[in-house]
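Just so it is clear: chains get the letters A, B, ... in the order the sequence lines come, proteins before strands, and each one is counted from 1.
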Amino acid sequence: MKRNISLVKGTHDIHGAEMEKFEFIIEKFYSICRNFNFKSIQTPILEQQDLFSRTVGEQTDIVSKEMYSFLDKGEAYICLRPEATSSLARFAASNYQSGLLKLITHGPMFRRERPQKGRYRQFHQINIESIGEKSPYVDFELILIAKLLFDDLGIKENKHRLLINSLGSKEDQIKYAYELKKYLTEFKIQLSEISQSRLDKNPLRILDSKDPKDSEILVNAPKISEHLSEESKNYFNQVKKLLNDNKIKFFEDPKLVRGLDYYSHTAFEFQTNEDKRQNAILAGGRYDNLISMISSRDIPGVGWAAGIERLMDLISLKDEKSESDKKILFAVQDESYLNNNRILKQIYSLRYNHEVRVSKNIKKLFSYADKNNFSFILLIGEEEFKNKKIILKDLKNKNQKSFEISKFELKNEIR
RNA sequence: GCGGGUGUAGCUCAGUUGGUUAGAGCGCCGGUUUGUGGUACCGGAGGUCGGGGGUUCAAGUCCCCUUACUCGCCCCA
């Protein structure tokens with residue numbers, strides 16, 4: 001016996017009912033975004049490794065240990081993208097002209113983590129980015145779209161919540177990091193091991209720690225909101241005002257720092273309370289310095305990404321039996337009856353949803369039609385073939401009629 | 001990288017304190033007198049019990065190793 005080829009760890013096939021959910025999410029996403037004049041784009045899955053080292057950050061887990069990268073024929077370090085924003089920034093760096101570049105995309109992302117529920121090595125995201133202008137309205141618009149998507153997907157208010165924070169400008173962050181480091185250094189020995197190592201490299205990330213010891217210490221830590229410049233504060237207030245004006249509920253979380261290095265100002269995250277572990281389902285923020293990290297241009301932007309698999313876990317599709325109300329099974333008792341068949345040709349040209357099936361056993365043809373939810377069966381058995389006839393049976397109301405093949409017009413019978 | 005759980009038929013799983021030829025449901029194939037449907041009944045195919053080693057008269061069952069999957073930690077969407 002041959003050994004089955006198994007899936008690569010952390011990857012999965014999507015089909016059947018799951019695939020319907022997958023497509024449902026993408027369709028809703030694209031349809032909402034088109035109403036806000038976003039344009040879709042597809043970028044390569046393969047990118048230069050350097051793109052992510054420079055944007056996501058060398059110190060992050062994503063780059064330091066989760067990237068699928070390899071030396072391509074001894075020429076260049078290539079990787080499978082772990083996220084899409086950097087790719088879209090790369091695109092914008094060379095294609096942005098003026099105004100707002102509004103982009104949406106979706107596709108597979110790759111991170112070599114230990115797989116578990118809601119977490120895969122190849123997973124899928126939908127992404128949206130508004131690049132070119134720094135304005136509270138642009139930030140708000142993206143959060144609004146996220147909200148509309150949740151509504152359209154039927155994810156109820158009580159199943160998710162929106163957290164927001166402002167990380168301030170680059171200057172604010174430098175000043176705040178200094179203050180935070182000063183405070184945390186006093187407690188250095190009490191901090192978790194990881195947090196201790198972050199103290200020098202990226203103290204802001206410590207705010208994200210879930211270690212109870214760290215949380216205790218962080219209670220009295222300086223807050224970024226207290227270290228924002230007037231300008232940054234005003235900016236954030238305007239975003240919040242727009243959210244309030246539009247009745248979008250949110251919680252301000254001063255400890256929300258995104259795990260990637262390129263964020264500044266507005267940061268947000270939609271969390272679910274259905275799953276305590278993988279609770280982040282949609283996250284993003286403003287990244288005014290991102291494009292300057294990978295090019296000589298300085299263009300502000302904002303965007304978010306959502307995990308399709310995580311969204312799939314939160315939605316349930318009703319059985320949409322209306323899938324096709326006129327699916328036809330074209331059934332014959334002998335393969336040769338299919339040759340030069342004028343009714344099959346009608347099916348092709350009229351684009352009927354159909355399937356062709358051959359079996360000597362008529363009972364099996366009917367039971368196949370039944371099990372697979374066909375609404376009509378077109379049957380040519382031995383007898384019909386001899387007499388140049390065809391049977392049409394409506395499987396819902398069980399009406400059956402016989403026709404001369406030469407005169408049969410499908411469009412008159414099934415509309 | 002570190003823990004816990006599980007690997008028995010195509011799928012979902014039983015398999016009792018170790019004890020003859022390893023079971024069920026679903027699915028598949030065939031049949032229940034002639035060519036008509038989710039039902040019922042009958043029959044059939046299909047398994048190196050994840051792999052390796054050990055204990056024993058005897059291992060799917062106990063022990064060790066290994067591997068895969070899975071759920072958590074970390075981190076993230």
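- A donor-acceptor contact under 3.5 Å is not formed by the side chain of A:R114 with the base of B:C76.
- In this structure, A:W304 has its ring center at least 6.0 angstrom away from the ring center of A:Y287.
- Among the heavy atoms of the strands, none lies under 4.0 Å from A:L365.
- Under the Watson-Crick and G-U wobble criteria, each requiring two contacts below 3.5 Å, nucleotide B:C76 is left unpaired.
- Residue contacts for A:Q400: at a heavy-atom cut-off of 4.0 Å it reaches a base atom on one of the strands shown.
- If you check every strand for non-hydrogen atoms under 4.0 Å, A:E384 touches a base.
- Nucleotide B:C76 holds its P atom 13 Å from the CD atom of A:E83, rounded to whole Å.
- One interatomic measurement links the two molecules: OH of A:Y263 to C1' of B:A77, which rounds to 10 Å at whole-angstrom precision.
- Atom-to-atom, NZ of A:K65 to C1' of B:G1 comes out at 7 Å; the value is rounded to the nearest Å.
- Using a 3.5 Å distance cut-off with no hydrogens or angles, the side chains of A:R54 and A:Y262 do not pair a donor with an acceptor.
- Only the C1' atoms considered, B:A22 is 40 Å distant from B:U36, to the nearest whole Å.
- Between the CZ atom of A:F52 and the C1' atom of B:C76 there is a distance of 15 Å, given to the nearest Å.
- Among the atoms of the strands shown, only primed sugar atoms or phosphate atoms (P, OP1, OP2) are found under 4.0 Å from some heavy atom of A:K371.
- The residue A:F270 sits apart from the nucleic acid: no heavy atom pair falls under 4.0 Å.
- Partner assigned to B:C49 is none, using Watson-Crick or G-U wobble distances below 3.5 angstrom.
- The nucleotide B:G44 finds its pairing partner in B:C28, both defining distances of the Watson-Crick or G-U wobble pair being shorter than 3.5 Å.
- For A:F29 and A:H106, the ring centers are positioned 6.0 Å apart or more.
- Comparing atom distances between the A:S367 side chain and each of B:G37, B:G35, B:A77 picks out B:G37 as nearest.
- The side chain of A:Q116 places an N or O atom within less than 4.0 Å of a non-bridging phosphate oxygen (OP1 or OP2) of B:G72.
- For A:I25 and B:A77, the CD1 to C1' distance is 12 Å, given to the nearest whole Å.
- Results of the side-chain contact (heavy atoms from CB on, under 4.5 Å) test with A:Y337 over A:I390, A:I380, A:I405, A:L344 single out A:I380 as the only residue that passes.
- Minimum atom distance to the side chain of A:K117 is reached by B:G72, of the listed B:G37, B:G72, B:A77.
- Both distances falling under 3.5 Å, in either a Watson-Crick or a G-U wobble arrangement, occur for no nucleotide opposite B:U36.
- If you check every strand for non-hydrogen atoms under 4.0 Å, A:E382 touches a base.
- Between the side chain of A:K393 and the base of B:G37, a donor-acceptor pair under 3.5 Å is found.
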Could you go step by step and tell me if A:Y183 and A:F187 meet the ring pair (Phe, Tyr, Trp, His ring centres under 6.0 Å) rule? CA-CA 8 Å; A:Y183 169 83; A:F187 301 92; 5.1 Å; yes
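- Nearest-nucleotide positions on RNA chain B for A:A369 and A:N361 put A:N361 closer to the 5' end.
- Contact check, A:T60 against B:C75: no side-chain N or O comes under 4.0 Å of OP1 or OP2.
- Remark: the separation of the P atoms in B:G38 and B:C26 is 14 Å, to the nearest Å.
- Nucleotide B:U16: unpaired (no Watson-Crick or G-U wobble partner with both distances less than 3.5 Å).
- Atom name P, nucleotides B:G52 and B:G46: the rounded distance is 22 Å, in whole Å.
- Taking each heavy atom of A:V63 and A:G57 in turn, the nearest pair found is CB-O, 3.3 Å.
- Toward the 5′ end of RNA chain B lies the nearest nucleotide of A:N397, the other residue of the pair A:N397 and A:A306 mapping further downstream.
- Between A:K223 and A:E179 there is no salt bridge, since no side-chain N of the basic residue sits under 4.0 Å from a carboxylate O of the acidic one.
- Smallest separation of non-hydrogen atoms from A:E309 and A:Q122: OE2-O, 4.3 Å.
- The CZ atom of A:R119 sits 8 Å away from the C1' atom of B:C74 (whole-angstrom rounding).
- For the pair A:K398 and B:U36, the criterion of a side-chain N or O lying under 4.0 Å from OP1 or OP2 is not met.
- Distances were taken from every side-chain heavy atom of A:R310 (C-beta onward) to each of B:G38, B:G35, B:C76; the shortest belongs to B:C76.
- Pair assignment for B:A58: none, as no Watson-Crick or G-U wobble contacts are both less than 3.5 Å.
- With a 3.5 Å ceiling on both atom-pair distances, the Watson-Crick or G-U wobble partner of B:G3 is B:C71.
- Spacing of C1' atoms, B:U21 relative to B:G25, comes out at 23 Å, to the nearest Å.
- In this pair, A:F22 and A:H124 present their aromatic rings perpendicular. The plane angle is above 60°, beyond the 30 to 60° band.
- The NZ-P distance, from A:K363 to B:G30, rounds to 12 Å in whole Å.
- A:A283 comes within 4.0 angstrom of the backbone, heavy atoms only, and of no base.
- Checked against ring-ring contact (aromatic ring centres under 6.0 Å, His included), A:F408 has the following partners two or more places apart in sequence or in another chain: A:F403.
- Counting any heavy atom pair closer than 4.0 Å across all strands shown, A:I308 reaches no nucleic acid atom.
- When ring centroids are compared, A:H265 and A:F236 stay outside the 6.0 Å threshold.
- When the C1' atom is used for both B:U16 and B:U55, the distance is 22 Å, rounded to whole Å.
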With the criterion being N/O to N/O and under 3.5 Å, what pairs connect the protein with nucleotides 42-44 of chain B, and how long is each?
none

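- A gap of 23 Å separates the C1' atoms of B:C69 and B:G53, to the nearest Å.
- One can find a donor-acceptor pair under 3.5 Å joining the base of B:A77 and the side-chain atoms of A:R111.
- In this structure, A:K134 contributes its side chain and A:G301 its backbone to no donor-acceptor pair below 3.5 Å.
- Pair assignment for B:A9 gives none, since no Watson-Crick or G-U wobble pairing has each distance under 3.5 Å.
- Residue-level contact check: A:K364 touches the backbone only, with heavy atoms under 4.0 Å from sugar-phosphate atoms and none from bases.
- If you check every strand for non-hydrogen atoms under 4.0 Å, A:E113 touches a base.
- Heavy atoms of A:I281 sit under 4.0 angstrom from primed sugar atoms or phosphate atoms, though from no base atom.
- Computed from coordinates, the A:K360 NZ to B:U34 P distance equals 17 Å when rounded to whole Å.
- The same atom, P, is picked in B:C49 and in B:G23; the two are 14 Å apart, to the nearest Å.
- Separation of the P atoms belonging to B:U61 and B:G50 is 8 Å when rounded to the nearest angstrom.
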